[in-house]
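Reviewing the structure listed below.
The first residue in the sequence is number 1, and the count goes up from there. No experiment lies behind these values; they were computed from the predicted model shown.
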Amino acid sequence: MTALTMSGGKTSILPGRGGFFGQLSDAFWRHPKLLLFLMLTPPLLWLGIIYIGSLIALLLQSFFSIDDFSGLVNTEFTLSTYAQLLNPANFDIIIRSLVMSALVTLAAALIAFPIAYYTARYAQGKWKALFYLGIMLPLWSSYLVKIYAWKLILAKEGILTWIFEKLHLAWLLDGILNLPVIGGNSLSVSYLGTFIVFVYIWLPYMILPTQAALERVPGNLIEASADLGATPRQTFRTVLLPLALPGIVAGSIFTFSLTLGDYIIPQIIGSSRLFIGQAVYTQQGTAGNVPLAAAFSVVPIVIMALYLWLAKKQGAFDAL
């Protein structure tokens with residue numbers, strides 16, 4: 001039997017629905033927490049067993065070591081594997097990855113802000129729809145296709161070199177490629193090329209949160225700032241930027257973390273020097289040093305945990 005409260009305050013008793021599904025529906029109606037439990041159990045089990053369980057297994061592996069003679073994993077607890085991360089070669093990989101992630105995040109923020117500001121303040125109707133289409137369209141194509149397309153663009157015989165030659169600026173491109181650290185034989189085998197592709201791939205993840213944050217900035221605040229005599233620079237520094245900062249920080253979570261852990265882009269475009277993702281892949285697959293690969297994997301987790309803590313203090317999660 002099912003009880004319903006009528007508008008006059010009286011309770012009407014209706015007969016229960018027959019059949020298995022009818023009885024099941026009545027049971028869920030009488031016990032809503034049971035329905036909530038059944039709905040949440042599968043995703044929580046997946047999160048707890050597959051995701052968190054794999055992270056715990058990874059963390060445990062990082063406290064093991066490799067026997068130098070047999071090449072087998074020694075399951076005794078040790079911190080020697082983490083000590084190996086401080087070796088010059090391994091530490092350079094960590095610093096290289098951090099610097100690249102920071103530079104990509106900064107460049108993405110500088111490029112994304114004017115685009116997001118124009119869309120939030122001026123684009124209306126079909127133009128705003130066109131903006132979203134233009135930002136989302138690259139995300140619909142294959143990740144690998146985009147990277148290989150950029151490899152062709154940045155190659156020594158690619159379209160970018162051809163454009164520089166047609167503009168009689170080949171000397172400028174040669175000068176850039178001759179720069180230490182960032183240069184190389186061509187842009188497709190240089191840190192600069194890796195940087196360009198990283199910015200292109202992750203830029204939408206910076207634009208969208210920034211645009212969402214700027215949408216919430218009341219236009220009358222900017223007008224009031226101008227009425228009170230503030231210059232455009234002062235308005236940007238004291239009004240617009242602080243209010244848009246949570247969106248920028250939210251976007252930086254994506255760009256920073258995705259750059260920090262990516263191994264495909266540096267593998268296809270860039271020099272032979274490794275990033276963290278490549279180091280994990282190499283130690284896990286080629287060298288067979290699972291504990292060191294696990295220790296390398298823990299580094300981005302710790303860095304992102306600290307970064308997310310700082311982002312939360314900036315209110316970044318409100319802009320997601």
Side-chain angles (χ1 to χ4, degrees), residues 46-47 50-59 61-62 82 85 90-113 115-116 135-136 138-139 142-144 146-147 150 191 194-213 244-270 273-284 293-320:
W46 175 268
L47 181 66
I50 303 300
Y51 183 71
I52 297 179
S54 63
L55 287 179
I56 294 175
L58 180 70
L59 180 62
Q61 288 278 354
S62 67
Y82 282 101
L85 295 178
N90 294 331
F91 193 69
D92 284 347
I93 293 173
I94 297 173
I95 296 300
R96 188 179 304 119
S97 302
L98 283 173
V99 171
M100 179 63 76
S101 301
L103 291 176
V104 168
T105 299
L106 179 61
L110 293 175
I111 297 172
F113 192 91
I115 299 173
I135 295 301
M136 298 299 293
L139 299 178
S142 170
Y143 175 74
L144 283 175
K146 289 184 290 187
I147 297 174
W150 270 103
Y191 282 143
T194 308
F195 168 80
I196 292 172
V197 178
F198 267 134
V199 172
Y200 169 79
I201 295 293
W202 308 137
L203 184 60
Y205 298 96
M206 177 64 79
I207 293 177
L208 294 175
T210 305
Q211 189 267 341
L245 188 60
I248 297 173
V249 176
S252 72
I253 293 172
F254 295 109
T255 57
F256 189 85
S257 62
L258 292 172
T259 304
L260 189 62
D262 191 271
Y263 77 95
I264 297 178
I265 292 177
Q267 187 76 16
I268 298 174
I269 298 175
R273 295 183 179 180
L274 301 180
F275 288 80
I276 288 179
Q278 292 172 288
V280 172
Y281 178 79
T282 301
Q283 295 296 334
Q284 171 76 28
F296 265 117
S297 301
V298 171
V299 173
I301 296 174
V302 173
I303 293 172
M304 286 311 304
L306 294 173
Y307 193 83
L308 290 173
W309 177 74
L310 294 174
K312 184 179 180 181
K313 294 179 69 68
Q314 296 293 330
F317 296 135
D318 299 332
L320 289 174

Taken in chain and number order and not counting sequence neighbours, the residues that satisfy side chain to side chain donor-acceptor pair (under 3.5 Å) with Thr259 are Trp202
With sequence neighbours left out, the residues meeting side chain to side chain donor-acceptor pair (under 3.5 Å) with Thr255 are Thr105
Residue list, side chain to side chain contact (heavy atoms under 4.5 Å, CB included) with [X], at least two apart or on another chain:
| X | answer |
| --- | --- |
| Leu106 | Leu110 |
| Tyr263 | Gln278, Tyr281 |
| Tyr200 | Pro138, Lys146, Trp150 |
| Ile111 | Ile115, Val199, Leu203 |

Side-chain touch [X]/[Y], heavy atoms, less than 4.5 angstrom:
| X | Y | value |
| --- | --- | --- |
| Tyr205 | Leu139 | yes |
| Pro266 | Phe198 | yes |
| Leu208 | Met136 | yes |

Phe275: which residues meet the ring pair (Phe, Tyr, Trp, His ring centres under 6.0 Å) condition with it, sequence neighbours left out? none
Contacts of type ring pair (Phe, Tyr, Trp, His ring centres under 6.0 Å), residue Tyr143, not counting sequence neighbours: none
How long is the straight-line distance from [atom2] of [Y] back to [atom1] of [X], given to the nearest 0.5 Å?
| X | Y | atom1 | atom2 | value |
| --- | --- | --- | --- | --- |
| Leu98 | Leu103 | CG | CG | 11.0 Å |
| Asp262 | Ile147 | CG | CD1 | 6.5 Å |
| Tyr191 | Met100 | OH | CE | 7.5 Å |
| Ile94 | Asn90 | CD1 | CG | 7.0 Å |
| Leu85 | Ile276 | CG | CD1 | 9.0 Å |

All N/O donor-acceptor pairs, side-chain side in residues 294-307, below 3.5 Å, sequence neighbours left out:
from   : atom 1 : to     : atom 2 : distance (Å)
Ser297 : OG     : Ala293 : O      : 2.9
Tyr307 : OH     : Ser252 : OG     : 2.5

Which heavy-atom pair separates Pro209 from Ala250 by the least distance, and what is that distance? CB-CB, 4.1 Å
Between Ala102 and Phe256, which heavy-atom pair has the shortest distance, and what is it? N-CE1, 3.9 Å
Give a yes or no on whether the backbone of Ala116 and the side-chain of Thr210 come within a donor-acceptor separation of less than 3.5 Å. no
Donor-acceptor under 3.5 Å (Ser97 side chain, Leu260 main chain): no
Please evaluate residues Ile52 and Ile56 with respect to the criterion side-chain contact (heavy atoms from CB on, under 4.5 Å), reporting the C-alpha separation (whole Å), side-chain torsions for both, the decisive distance (0.1 Å), and the verdict. CA-CA 6 Å; Ile52 297 179; Ile56 294 175; 4.0 Å; yes
